[in-house]
Amino acid sequence: MPSYTAPTKDMQFVLHDVLKASQAQVPGYDELDESFTAAVLEEAGKLASDVLFPLNAVGDTEGCHFENGVVRTPKGFKEAFELVKEGGWTALDCDPEYGGQGLPYLMAIAISEILASSNMAFNMYQGLTHGAYSAIHAHGSDEQKAKYLPNMVSCQWTGTMNLTEPHCGTDLGLMRTKAVPQADGSYKITGQKIFISAGDHDLSENVIHLVLAKIPGGPDGIKGVSLFIVPKFMVNEDGSLGDRNGVSVGKIEEKMGIHGNATCVMNYDEATGYLLGEAHKGMRAMFTMMNEARLGVGLQGYSQAELAYQNALAYAKDRLQGRDVTGVKNPEGPADPLIVHPDIRRNLMDQKSFVEGARAFTLWGAHLIDQAHLNDDKAADGLVSLLTPVIKGFLTDKGFEMAIQAQQIYGGHGYIEEWGMSQYARDARITMIYEGANGVQALDLVGRKLAQDGGKHVMAFFSLVTDFIKETKGRSETFDAQFREPLKAASKDLQAAGMFFMQNGMKNPNAALSGSYDFMHMFGHVCLGLMWAKMAVAAEDALKNGASDAAFYETKLKTGAYYMARQLPATKTHLARIESGADPVMSLDADQF
Amino acid sequence: MKVLVPVKRVIDYNVKVRVKADGSGVDLANVKMSMNPFDEIAVEEAIRLKEAGKADEIVVVSIGVKQAQETLRTALAMGADRAILVVAADDVHTDIEPLAVAKILKAVIDAEAPGLVIAGKQAIDNDMNATGQMLAALTGWSQATFASEVGIDGDHAVVTREVDGGLQTIKVKLPAIITADLRLNEPRYASLPNIMKAKKKPLDEKTAADYGVDVTPRLTVVKTSEPPVRQAGIKVGSVDELVAKLKEAGAL
Ligand SMILES: Cc1cc2nc3c(=O)[nH]c(=O)nc-3n(C[C@H](O)[C@H](O)[C@H](O)COP(=O)(O)OP(=O)(O)OC[C@H]3O[C@@H](n4cnc5c(N)ncnc54)[C@H](O)[C@@H]3O)c2cc1C
Ligand SMILES: Cc1cc2nc3c(=O)[nH]c(=O)nc-3n(C[C@H](O)[C@H](O)[C@H](O)COP(=O)(O)OP(=O)(O)OC[C@H]3O[C@@H](n4cnc5c(N)ncnc54)[C@H](O)[C@@H]3O)c2cc1C
């Protein structure tokens with residue numbers, strides 16, 4: 001039977017030893033002392049292990065059902081949703097003015113990992129509501145905020161994001177859904193949206209759809225897109241629910257994973273909508289939440305790797321198969337446990353070093369978002385915009401790959417549904433596609449983010465790494481050899497790739513875009529390398545200060561050393577591919593394929 | 001009425017317990033520790049009494065190492081009002097024996113004058129099942145152990161007990177000591193707002209010496225060992241064969 005335990009100790013390590021959260025000069029961070037964050041993580045972990053995780057397999061096998069125009073979620077989801085709501089978990093980082101708990105986003109992300117690992121499909125109902133909450137909070141009028149936010153903070157009403165249409169996903173400029181202005185200031189929305197996560201369900205009494213649509217006569221393409229609030233049930237002046245609006249579910253999709261989350265075709269038939277923010281500025285409104293939404297998907301990617309890893313590790317210790325080539329380890333048994341084999345170790349170390357690095361990277365990203373929002377720190381904002389496509393693209397690609405590796409440890413049993421591993425890989429797969437497919441993340445990174453503000457942010461990233469390398473000079477011989485030197489080399493590769501794009505990208509954009517995917521991965525490796533070097537510093541310091549749990553910190557150092565030795569050198573291959581330019585990629589004519 | 005609930009910090013029920021190499025006990029260094037599950041039930045029952053208007057203050061007490069603070073915070077987050085930590089050991093491996101715990105609790109009772117004590121029936125680490133009973137003896141109060149249902153009726157408590165033959169309902173005079181069994185209730189999850197509030201609830205720190213109690217162990221642990229590994233079973237073909245095998249094994 002698979003299981004899940006929240007990795008609270010590893011999370012505490014990142015929050016306190018590495019990020020030193022309670023000392024950071026960010027409003028609200030002084031609340032985050034060790035015992036408080038431990039209590040919050042533990043309690044969320046309890047709910048995740050006892051309630052949400054047992055429903056993960058139920059959601060997968062039962063799925064959602066669409067009958068007589070009504071979407072029904074899997075058995076047990078409703079009761080669990082009530083528990084999550086009652087616990088106040090949906091309101092964690094929301095504005096206290098609307099009933100939120102006002103904790104930093106950093107803490108919300110730590111909790112999100114726990115909820116996503118234990119049941120990703122379930123957690124999306126709340127996750128999408130949070131996205132819609134953020135959009136209304138940032139761009140809504142006072143009246144709109146008062147009308148919608150309190151019930152969205154509590155998840156009494158849930159939210160959705162409606163971008164995709166049958167003929168447009170990446171290229172939203174092709175959008176056809178239209179919004180016709182009415183005399184009373186509202187709009188009539190007509191069109192079809194597809195793939196809408198949590199589009200309809202039986203967990204809440206109302207659904208607040210955020211819909212992108214075009215106002216006729218506005219600018220062409222992406223510049224003419226506006227954002228609208230379209231409630232499933234109209235909301236009366238006194239806050240009570242009125243008539244059903246003109247929005248309905250056409251069908252729900254049969255899909256590879258996240259079966260517990262309803263993916264809906266939504267039909268808008270002169271539905272009443274209210275403009276959110278300014279007309280034709282819909283994409284700008286979406287962009288303000290883009291960093292958060294994409295960081296959230298990157299998190300989903302590694303959260304599935306964490307879940308898969310926990311189970312693969314237990315299996316590797318349990319399953320007896322073959323003998324240790326250096327000498328029998330389990331003389332009483334007919335064979336040794338899988339974990340004795342070097343190839344199994346390689347596999348487990350890949351997973352462990354990835355997940356722990358990914359967690360640090362994501363929490364660092366959340367910390368930057370807090371700095372950007374709460375301290376109005378422009379440099380942090382620029383840096384996190386740069387890193388967002390890396391967090392999204394790299395962590396989801398690797399998250400899926402690691403889930404597959406974890407599945408491999410189970411041998412044939414990994415392919416059999418009852419062991420759970422198949423589900424984790426299937427669930428992880430979507431994270432590479434939605435919220436901007438990973439190829440488009442790479443395009444965003446190389447085509448937009450690198451040159452943004454005159455390349456200021458990427459330069460800031462390089463100085464951050466260089467400064468760290470300088471500051472840690474002479475720390476210890478092992479640190480130098482195992483962490484500092486490899487990081488230096490990898491960061492040099494990344495700079496060389498950046499240089500190649502600068503020299504060739506202008507005259508031949510294909511030269512840059514043929515290497516964009518490699519660049520995203522390379523950047524991801526350097527970020528995880530940086531995270532591991534920082535974690536190594538924290539672990540060394542803790543050991544020096546006589547930490548009671550020496551074994552824990554030694555494990556960190558060894559896991560980090562593995563990443564630096566075995567994963568980070570991938571930057572060399574990526575650099576070679578990038579420097580080979582557009583030719584090998586583009587030399588065939590389309591009809592030569 | 002004030003309700004006093006003693007809570008113990010024990011090895012988490014999900015942790016696979018490992019015996020220390022020297023056999024002196026189980027390894028508790030750096031393993032996950034949590035509130036004893038029976039104590040969680042006791043805290044829950046106290047909160048339900050308060051919600052039903054039968055109690056007005058819940059004081060939780062833990063006796064042990066400093067880290068038991070975390071356990072007390074959990075109880076405060078569930079809904080207890082105030083906590084007392086009695087630091088009686090430095091090493092996480094030191095277990096305070098039931099008699100010493102009962103004596104300290106007696107002293108706490110003298111200071112706090114609760115109308116009711118609800119304890120867990122036993123701690124899942126040493127399974128002593130003794131503290132509540134000893135405390136009843138020391139205070140001279142009535143006791144109702146292994147409770148699966150608790151009602152307060154004026155100056156009496158009506159308690160349904162889980163006994164070998166089934167259920168037994170008794171009426172005891174207050175103040176009394178009740179010990180909670182597994183089926184008494186299902187403890188709630190602490191909510192985030194309550195975890196935040198718990199940070200600000202009072203937690204007093206005392207020592208065993210403050211109560212004049214000597215916690216020096218009276219029992220000696222001779223040896224701790226892993227339970228023997230279960231031997232594989234065999235299938236028998238008939239009742240006769242079963243009887244023969246049982247005789248062979250000396251079981252009949
Ligand atoms: C389960 C699920 C849930 C979803 N939930 C939501 C939701 O809640 N709300 C919502 O609005 N949408 C949702 N989506 C839609 C999702 O965001 C889109 O599928 C995604 O953005 C890709 O769009 P598309 O499917 O039209 O693919 P396309 O845009 O057709 O892209 C196909 C491929 O081409 C690549 N590509 C496209 N353009 C370029 C380019 N210029 N350069 C290089 N490569 C390119 C992409 O990387 C991709 O690999 C969901 C989808 C699924 C499957
Ligand atoms: C759909 C399906 C169809 C199948 N069809 C057939 C069939 O028709 N006939 C048949 O006989 N079998 C069949 N199998 C079984 C399949 O061949 C086995 O699952 C496979 O050989 C692996 O064995 P295992 O599952 O016991 O995994 P294990 O042997 O337990 O291996 C688990 C993991 O440990 C690794 N490992 C094991 N030993 C070592 C070692 N010494 N060193 C390093 N790593 C090691 C493996 O690489 C693997 O990743 C099928 C399985 C499936 C899922």
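To find a chain, count down the sequence lines: A is the first, B the second, and so on, and within it residues start at 1.
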Pick one of side chain, backbone, both or neither for [X], based on which atoms fall under 4.5 Å of a heavy atom in chain B.
{"X": "Q101(A)", "value": "both"}
{"X": "S548(A)", "value": "both"}
{"X": "L92(A)", "value": "both"}

Find out whether F552(A) and D10(A) are in side-chain contact, i.e. whether some heavy atom of one side chain is under 4.5 Å from a heavy atom of the other.
-> yes
With the side chain counted from C-beta on, respond yes when R48(B) and E44(B) share a heavy-atom pair under 4.5 Å apart, and no when they do not.
->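 The answer is yes, as the side chains (C-beta and beyond) meet within the 4.5 Å cut-off.
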For Q12(A) and T37(A), does a side-chain donor sit closer than 3.5 Å to a side-chain acceptor?
-> yes
Without hydrogens or angle criteria, can the side chains of T90(A) and Q126(A) be said to hold a donor-acceptor pair below 3.5 Å?
->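 Short answer, no.
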Top contributor to chain B interface from E42(A), E31(A), K9(A), E332(A) [non-hydrogen pairs under 4.5 Å] =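 Most heavy-atom pairs under 4.5 Å with chain B: E31(A).
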Does D93(A) reach the main-chain N or O of P104(A) with its side chain, forming a donor-acceptor pair under 3.5 Å?
->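 Checked: no pair found.
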Give me the contact list for residues 11-19 of chain B versus chain A, heavy atoms only, anything under 4.5 Å, ordered by residue number.
-> Y13(B)
Proximal component of A77(B), with respect to chain A [non-hydrogen, under 4.5 Å] =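 For A77(B), neither part sits under 4.5 Å from chain A.
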Parallel, tilted or perpendicular: which fits the ring planes of Y133(A) and H137(A), with parallel below 30° and perpendicular above 60°?
->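 Answer is parallel, since the angle falls under 30°.
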Which class fits the ring pair Y315(A) and W419(A): parallel under 30°, tilted 30 to 60°, perpendicular over 60°?
-> perpendicular
Here the salt bridge (Lys or Arg N to Asp or Glu O under 4.0 Å) pairs for residues 309-321 of chain A, sequence neighbours left out, are none
